[in-house]
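Everything numeric in this text was worked out from a predicted model, so none of it was measured. All chains are named by letter (A, B, ...) in the order of the sequence lines, taking the proteins before the strands, and each is independently numbered beginning at 1.
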Amino acid sequence: MRWSRSFIPTLKESPAEAEILSHKLLLRAGVVRRLTGGLYTFLPLGLRVLRKIEGIIREEISSVGGLEVLMPALQPSEIWHQSGRYETASGVLYKARDRSNKEWVLSPTAEEVITTLAAGEISSYRQMPLNFFQVSVKFRDEIRPRFGLMRAKEFIMKDAYSFDCSDEAATISYRKMFAAYQRIFNRCGLINFPVEADTGVIGGSHSHEFMVPAETGENDVVYCDSGQYAANIEKATSAGPLEPASKSETGDAPEKFYTPGVTSIEGLRAAPFNVSGSQQIKTLIFMVKPSVADATKAVVVLLRGDDQLNEAKFAGLVGSTVFRPATGDEIFSMLNAHPGSLGAVTSTLSTSSLTLTVLADEALRGARGMTTGANEDGFHLRHVNMDRDVLVTCWGDLRTVKAGELCVSTGKPLKIQRAIEVGHVFKLGTKYSEKFNARFLDAEGKSQLCVMGCYGIGVTRTLQAIIEQSNDKDGIIWPLAVAPYAVCITPLSVVPGSAVMQTAERLYTELTAAGVEVMLDDRDDRPGVKFKDADLVGFPIRLGIGEKSLAKGEVELKPRGGVLQAVKVEDAVKQVLAVIAAKTLSE
RNA sequence: CGGGACGUAGCUCAGCCUGGUAGAGCACUUGGUUUGGGACCAAGACGUCGCAGGUUCAAAUCCUGUCGUCCCGACCA
């Protein structure tokens, strides 16, 4: 490709719409342009990179038996009602009506469609294992699209679905996909690692997310340096708080004391009270809708004062993602006190509030000598013993792990790292097979449910994650495997027929013939402009051709981010191929 | 959905407080000089100042509403 014939609108300055580096580089390097918030046009360079990533995905998923299909993005809302996700996923669903007022859904993912297909087509255990995948546009009504392609309303996703005749077989499918994912992200040149992920209300047995460490990521990952443990913070557990629960036993009954205006953990920690966070019980009230049919009910959550609620764990424990903090009015009508003065000590509860569901975090188990709200504004209680004074409906892990806490398996301190989620593998079980009656006859002639897995990769997000991880002050540094072109030939003068241009043309022809993708910068611009653009766009290799070096029979070979090296003209193709071979190995 | 900021040329922004003929840099067009890391000179083209009301002799500027964008939070199979 000749630069003058392509369309690469580079920018010197970053548009104001971009906040993070990778987003700025996407725009400055002419990879994408925004149509509106969360919607982007891929320009020629961007599309080439996208196709490279898709190609890697296709190869690796196919190599573990994946069969590519293409499903409709426009889906009848009935199947979403059938799966129950019309309700549970309604927040992210784009819905539309046609001329006869029938409702449609723009697909954020395709479990409903693929399971409908499987229910109709799979009838025997002999047909499995089966693994279907597609690479297609997905839609999500994001509350707040941001960071360019990272969180968009419309994006490209590879989604795959496996069907097996037993749980054991499904685990094998899962492991194959897990391994394929590792190869995919490694080939994309990404530093990445799998972490245990929250299975949420689906409650599947296995789920891993593939994470790319980056400060601009939207996930927190908890990990142990030993490499033996890594989990999304929504799922992560530890050996517990570093400071153990207070067990100081005075034998005293709970005692009310005056705390005017104190409505926070901090307030009690300060003088004159001096109650440490670990000696306090934090009381939160949530309004939970357990399922579509059920009424909303209040749930009390108890945590240690120095802990934060982990909402994903809470959702798992109550079995619903439909919940919200109770309002001040709702709380007052239940407990006769306002947030900041709440507690679950039985003696402070009215008859009606005694029936409230109380969930308590394990870190509070056996805690004594605690302080909590008295359900009376301006008062707290001290000498509270959990086992004696609080009626707990259910104990569970509800706290968010903090950096420095000890790893359950190794005993070493855990660390926390921000990361971008680029892939997710999920053992689904029979959730969808049940809803869509996807059954088969086993070897004994018995009807069984297909055991499913689902597997996603955010292709467009992966593209941006690569930029986020691979750049310098001059621009993008594309890993060879995904680069729009491997080589950029930069003749310093473009006078037709000149030795410089003739050499450039010859090398272009020879490299292309050797199977190398080449961009020839034939623009009549000053060298500085062309160097800056080549660096910004991020071609892995630049071949500079100028009069001075050509007089010595040389051209300049410069790997992006590497050292410039003079090579003989006649060796140039061979040298470029050698650099490509070396890069292919090291990436 | 709550809080905050911002909408002026393709891009980055000034002008607004204190109302009075629409600005700069970059990019673009033409000519010339340049030519090894985002050149220089000259000439030129490019705007319903987000939109709609209102106040006023007069609104980019003041007021109200509205739409959009960005940030923080909430939310997020």
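Summarising the base pairing, B/C16 is matched to no nucleotide, lacking a Watson-Crick or G-U wobble pair whose two defining distances lie under 3.5 Å. Here B/A74 sits opposite no nucleotide as a Watson-Crick or G-U wobble pair (both hydrogen-bonding atom distances under 3.5 Å). Using Watson-Crick or G-U wobble geometry with both donor-acceptor distances under 3.5 Å, B/G25 finds its partner in B/C11. Summarising the base pairing, B/C46 is matched to no nucleotide, lacking a Watson-Crick or G-U wobble pair whose two defining distances lie under 3.5 Å. B/C6 is paired with B/G68 under the Watson-Crick or G-U wobble criterion, all donor-acceptor distances under 3.5 Å. With both pairing distances under 3.5 Å, B/G31 is matched to B/C41 as a Watson-Crick or G-U wobble pair. The pairing partner recorded for B/C62 is B/G54, the criterion being a Watson-Crick or G-U wobble arrangement whose two distances lie under 3.5 angstrom.
A cation-pi arrangement is absent between A/Lys558 and A/Phe539, since the terminal nitrogen or guanidinium carbon is not both under 6.0 Å from the aromatic centre and inside a 45° cone about the axis.
Between B/C46 and B/C28, the distance separating the two C1' atoms is 8 Å to the nearest Å. A distance of about 31 Å separates the C1' atoms of B/G2 and B/A60, rounded to the whole Å. To the nearest whole angstrom, the two C1' atoms, one in B/G15 and one in B/U61, are 9 Å apart. Spacing between B/A27 and B/U12 at atom P, rounded to whole Å, works out to 15 Å. Nucleotides B/G32 and B/G68, compared at atom C1', are 44 Å apart to the nearest Å. A distance of about 27 Å separates the C1' atoms of B/G47 and B/G31, rounded to the whole Å. Comparing B/C40 with B/U35, their P atoms are spaced 14 Å from each other, to the whole Å. The separation of B/C62 from B/G20, taken at their C1' atoms, amounts to 14 Å, rounded to a whole angstrom.
One atom, NZ of A/Lys24, and another, C1' of B/U12, lie 12 Å apart when rounded to the nearest Å. Whole-Å rounding puts the A/Leu536 CG to B/G37 C1' distance at 13 Å. Taking atom CG of residue A/Leu543 and atom C1' of nucleotide B/G36, one finds them 15 Å apart after rounding to whole Å. Rounded to whole angstrom, the span from the CZ atom of A/Phe531 across to the P atom of B/G38 amounts to 10 Å. Atom CE of A/Met501 and atom C1' of B/U35 are 16 Å apart (whole Å). Atom CD1 in A/Ile233 sits about 17 Å away from atom P in B/C76, given to the nearest Å. Computed from coordinates, the A/Tyr86 OH to B/A77 C1' distance equals 17 Å when rounded to whole Å.
Each of B/A39, B/A77, B/G36 was ranked by its minimum atom distance to the side chain of A/Val529; first place goes to B/A39. Closest contact between the side chain of A/Arg144 and the listed nucleotides B/C72, B/G38, B/A39 involves B/C72. Side chain of A/Glu13, nearest nucleotide from B/U12, B/G38, B/G73: B/U12. Minimum atom distance to the side chain of A/Met157 is reached by B/A77, of the listed B/A77, B/G25, B/A39. Of the candidate nucleotides B/C71, B/U35, B/C76, B/C76 has the atom nearest to the side chain of A/Arg140. The side chain of A/Glu556 sits closest to B/G36 out of B/A77, B/G36, B/A39.
The side chain of A/Lys12 places an N or O atom within less than 4.0 Å of a non-bridging phosphate oxygen (OP1 or OP2) of B/A27. The phosphate of B/A77 (OP1 or OP2) has no side-chain N or O of A/Arg85 nearer than 4.0 angstrom.
Under the 6.0 Å cut-off for aromatic ring centres, A/Phe210 and A/Phe193 do not qualify, their centroids lying 6.0 Å or more apart. Taking the six-membered ring for Trp, A/His23 and A/Phe147 have ring centres at least 6.0 Å apart. A/His424 has its ring centre no less than 6.0 Å from the ring centre of A/Tyr455.
Near RNA chain B, meaning a heavy atom under 4.0 Å from it, residues 30-43 of chain A has A/Arg34, A/Thr36, A/Gly37 in order of number. Near RNA chain B, meaning a heavy atom under 4.0 Å from it, residues 15-22 of chain A has A/Pro15, A/Ala16, A/Glu17, A/Glu19 in order of number.
A salt bridge links A/Lys427 and A/Asp167; the closest N-O separation between the charged side-chain nitrogens and carboxylate oxygens is under 4.0 Å. A salt bridge between A/Arg560 and A/Asp472 is present, with a side-chain N of the basic residue lying under 4.0 Å from a carboxylate O of the acidic one. The pair A/Arg461-A/Glu468 fails the salt-bridge criterion, with no side-chain N (NZ, NE, NH1 or NH2) lying under 4.0 Å from an Asp/Glu carboxylate O. A salt bridge links A/Arg151 with A/Glu142: the distance from a Lys NZ or Arg NE/NH1/NH2 to an Asp or Glu carboxylate oxygen falls below 4.0 Å. A/Glu112 has a carboxylate O that lies under 4.0 Å from a charged side-chain N of A/Arg85, or vice versa, which qualifies the two as a salt bridge. A salt bridge between A/Arg5 and A/Asp522 is absent, with no side-chain N of the basic residue lying under 4.0 Å from a carboxylate O of the acidic one. A/Lys548 has no carboxylate O lying under 4.0 Å from a charged side-chain N of A/Glu554, or vice versa, which leaves the two without a salt bridge.
Residue A/Pro9 is out of contact with every strand shown, counting any heavy-atom pair closer than 4.0 Å. Residue A/Asp535 is in base contact, counting any heavy-atom pair closer than 4.0 Å across all strands shown. Residue-level contact check: A/Ser549 touches the bases, meaning some heavy atom is under 4.0 Å from a base atom. Residue contacts shown for A/Glu311 are limited to sugar-phosphate atoms, with no base heavy atom under 4.0 Å away.
With A/Asp361 as reference, A/Asp307 is the one residue of A/Asn310, A/Asp307, A/Val301, A/Leu309 to meet the side chain to side chain contact (heavy atoms under 4.5 Å, CB included) rule.
In this model, no donor atom of one side chain and acceptor atom of the other lie less than 3.5 Å apart for A/Glu209 and A/Ser207.
Side-chain to base pairing of A/Asp533 with B/G38: one donor and one acceptor N or O lie within less than 3.5 Å of each other.
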